[in-house]
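Numbers for residues simply follow the sequence, beginning at 1. The structure displayed is predicted, hence computed values, not measured ones. Order of listing sets the numbers, starting from 1, for every ligand and every atom in it.
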Amino acid sequence: MKTRMVSIDRAAVKDSDLAEPAAILGRGGLVAFPTETVYGLGANALDEQAAARIYAAKGRPSDNPLIAHIANKADLGKLVKEIPEAGQKLMDAYWPGPLTMIFRKSSLVPYATTGGLNTVAVRMPGDAIALRLIELAGVPIAAPSANTSGRPSPTAAAHVFQDMDGRIDMIVDGGPVGIGLESTIVDVTGERPMLLRPGAVTVEMLRETVGPVEIDPALTGPLQKDVKPKAPGMKYRHYAPKADLTLVEDQEWKDGAVSAKVIETIKALALESAKRGRRAGIICTDETRQQYPQEFVIRSLGQRARQETIARSLFGVLREFDSLDVDDIYSESFPGDDLGGAIINRLTKAAGYHIRKV
Ligand code: TXA
Ligand code: MG
């Protein structure tokens, strides 16, 4: 299959530019497109065969359900059995935006889309290209992140191309995404809303809108054999770079700054790797970059003082390390408040929970 690329200016989205990708989606094809979180790999969410094509293109286990994306809040009713009060409040507050909610599914949604579950994940994205494309396609669009299963989610069209060239019909290039981490997922089918995946709509924001929110126990540590995450996708190894990644973390955070102890430990670990004939990489931040010896492969994620810069570049940096010849990566860590909750969730998974506390 030949994969075509079209570029679209997010600030001036024209229907004529989106007519073709919308038509491809309408006839059951696969189109990758930008959202404000990460690039999605879209297909008609109501078409079982189209959903099957998504799983094949990603190499994704078919028990891992897809998120149905809609362009209007009014379209939610058709996909779900009921809209619980918490769901209504959260969609009023955060849609369109980086929030996915789990509802009981209606009979319209095929099990091929929900990985056999009786629930369905739904999100109304905020990106202008995504919204208009879904609207023109005229159907809800199932869209997992547009990466090969297990790799970091794509935050630019070039990442999608690396993973999906030859496997899908089209990539709509809308430039780099704004947030860089996948949407927050909240299950609203139970008595209390439960956070299944942290994202840019933070726990603090959720609690402000609906009161108490539970946190899936699977989020707080490495997966135990008897604990199943409620979001099936969270059980798979994710985002892992080819090199061995270790997070070096302070026992205690002081104003979100990295201590000298962390920097010294990272330097010592990188030096040890070098002594063993292994090439070492370091993931740091703008505030600390100058403190690491230039002999190592060093990448900064952005500014600690502006968490959104870290979120935006994290997956791109993890991907970049795969193209560099590095055996061991040592990374600074981040405090878990606000957007830090989502950042540290992805970094911890990328490191396979390999954390060195100092
Ligand atoms: O930001 C995002 O959410 C991106 C963009 C493209 O919208 N999409 C995305 O999709 O991250 P994906 O498939 O990579 O991640 C969806 C997660 C998976 O962990 C999946 O297991 C979970 O959502 N999920 C989907 N349906 C679910 C359901 N019915 N119950 C529980 N978890 C569900
Ligand atoms: Mg994904």
Exercise. Is there a side-chain contact between F33 and I8, using heavy atoms and a 4.5 Å cut-off?
Worked result: no

Seminar exercise, completed: atom 30 (N) of ligand 1 has as its nearest protein heavy atom I102 CD1, 3.6 Å

Problem set entry | atom 17 (C) of ligand 1: nearest protein contact (heavy atom, Å) | I185 CD1, 3.5 Å

Exercise. Just checking, is any N or O donor in the side chain of Y94 or T209 under 3.5 Å from an acceptor N or O on the other one?
Worked result: yes

Exercise. What protein heavy atom sits nearest atom 15 (O) of ligand 1, and how far off is it?
Worked result: R197 NH1, 3.2 Å

Problem set entry | K230 and ligand 1 - part of the residue with a heavy-atom distance under 4.0 Å | backbone

Exercise. So, T100 and S183: side-chain donor and acceptor under 3.5 Å apart, yes or no?
Worked result: yes

For this session: Decide, yes or no, whether a salt bridge links R312 with E308 under the criterion of side-chain N to carboxylate O below 4.0 Å.
Result: no

Seminar exercise, completed: If we number the atoms of ligand 1 from 1 as shown, the ones under 4.0 Å from a heavy atom of A231 are 21 (O), 22 (C), 31 (C), 32 (N)

Exercise. Hey, is V38 one of the residues with a heavy atom under 4.0 angstrom from ligand 1?
Worked result: yes

Problem set entry | Residue of the set I282, V248, I329, D328 for which side chain to side chain contact (heavy atoms under 4.5 Å, CB included) holds with L269 | V248

Problem set entry | Pairing of E264 and K261 as salt bridge, 4.0 angstrom limit | no

Exercise. Taking the non-hydrogen atoms of A143, is any one of them nearer than 4.0 angstrom to ligand 1?
Worked result: yes

Exercise. Are any of the N or O atoms of T35 closer than 3.5 Å to those of ligand 1?
Worked result: no

Exercise. To which protein heavy atom is atom 29 (N) of ligand 1 closest, and what is the distance rounded to 0.1 Å?
Worked result: T119 OG1, 3.0 Å

Problem set entry | R319/D163 ion pair, N-O < 4.0 Å | yes

Problem set entry | For atom 9 (C) of ligand 1, the protein heavy atom that lies nearest, with its residue and separation | S145 N, 3.6 Å

For this session: Below 4.0 angstrom from a heavy atom of I67, which ligand 1 atoms are there? Numbered from 1 as shown, please.
Result: 3 (O), 8 (N), 9 (C), 10 (O), 16 (C)

Exercise. Heavy-atom count around E295 CD within 6.0 Å, excluding the residue itself: above 12?
Worked result: yes

For this session: Please say whether H69 places an N or O atom under 3.5 Å from an N or O atom belonging to ligand 1.
Result: yes

Problem set entry | Short side-chain donor-acceptor distance under 3.5 Å, S300 and R289 | no

Exercise. Looking only at N/O atoms, are N64 and ligand 1 under 3.5 Å apart anywhere?
Worked result: yes

Problem set entry | Reported CG-to-CG distance for the pair L136 and L131, which is rounded to 0.5 angstrom | 11.0 Å

Problem set entry | K73, NZ atom: more than 12 neighbouring heavy atoms under 6.0 Å | yes

Seminar exercise, completed: One finds that the ligand 1 atoms under 4.0 Å from a non-hydrogen atom of G40 are 6 (C)

Exercise. Considering only heavy atoms of E182, which atoms of ligand 1 have at least one such atom less than 4.0 Å away?
Worked result: 1 (O), 2 (C), 11 (O)

Seminar exercise, completed: Residue, atom and distance of the protein heavy atom nearest atom 27 (C) of ligand 1 read P65 CG, 3.3 Å

Exercise. Thinking salt bridges, do R123 and E182 make one under a 4.0 Å N-O criterion?
Worked result: no

Exercise. Side chains of E332 and T288: do they bring a donor and an acceptor to under 3.5 Å?
Worked result: yes

For this session: Quick one: pull up CD1 in I134 and CG in L18 and give me the separation to the nearest 0.5 Å.
Result: 11.0 Å

For this session: Determine whether the side chain, the backbone, both or neither of M194 has a heavy atom under 4.0 Å from any heavy atom of ligand 1.
Result: neither

For this session: Report, in ascending order of atom number, the atoms of ligand 1 lying under 4.0 Å from any heavy atom of S183.
Result: 1 (O), 2 (C), 3 (O)

Exercise. With only distance considered, is R123 within less than 3.5 Å of ligand 1 through an N or O on each side?
Worked result: yes

Exercise. Is K105 in contact with ligand 1, taking contact as a heavy-atom separation below 4.0 Å?
Worked result: no

Exercise. What atoms in ligand 1 come closer than 4.0 Å to a heavy atom of L117?
Worked result: 28 (C), 29 (N), 30 (N)

Exercise. Among all protein non-hydrogen atoms, which one is nearest to atom 19 (O) of ligand 1, and what is the separation to 0.1 Å?
Worked result: G233 CA, 3.2 Å

Seminar exercise, completed: With heavy atoms and a 4.0 Å threshold, my read on which part of T114 contacts ligand 1 is neither

Exercise. Do you see an N/O/S atom of N147, backbone or side chain, under 2.8 Å from the Mg ion (ligand 2)?
Worked result: no

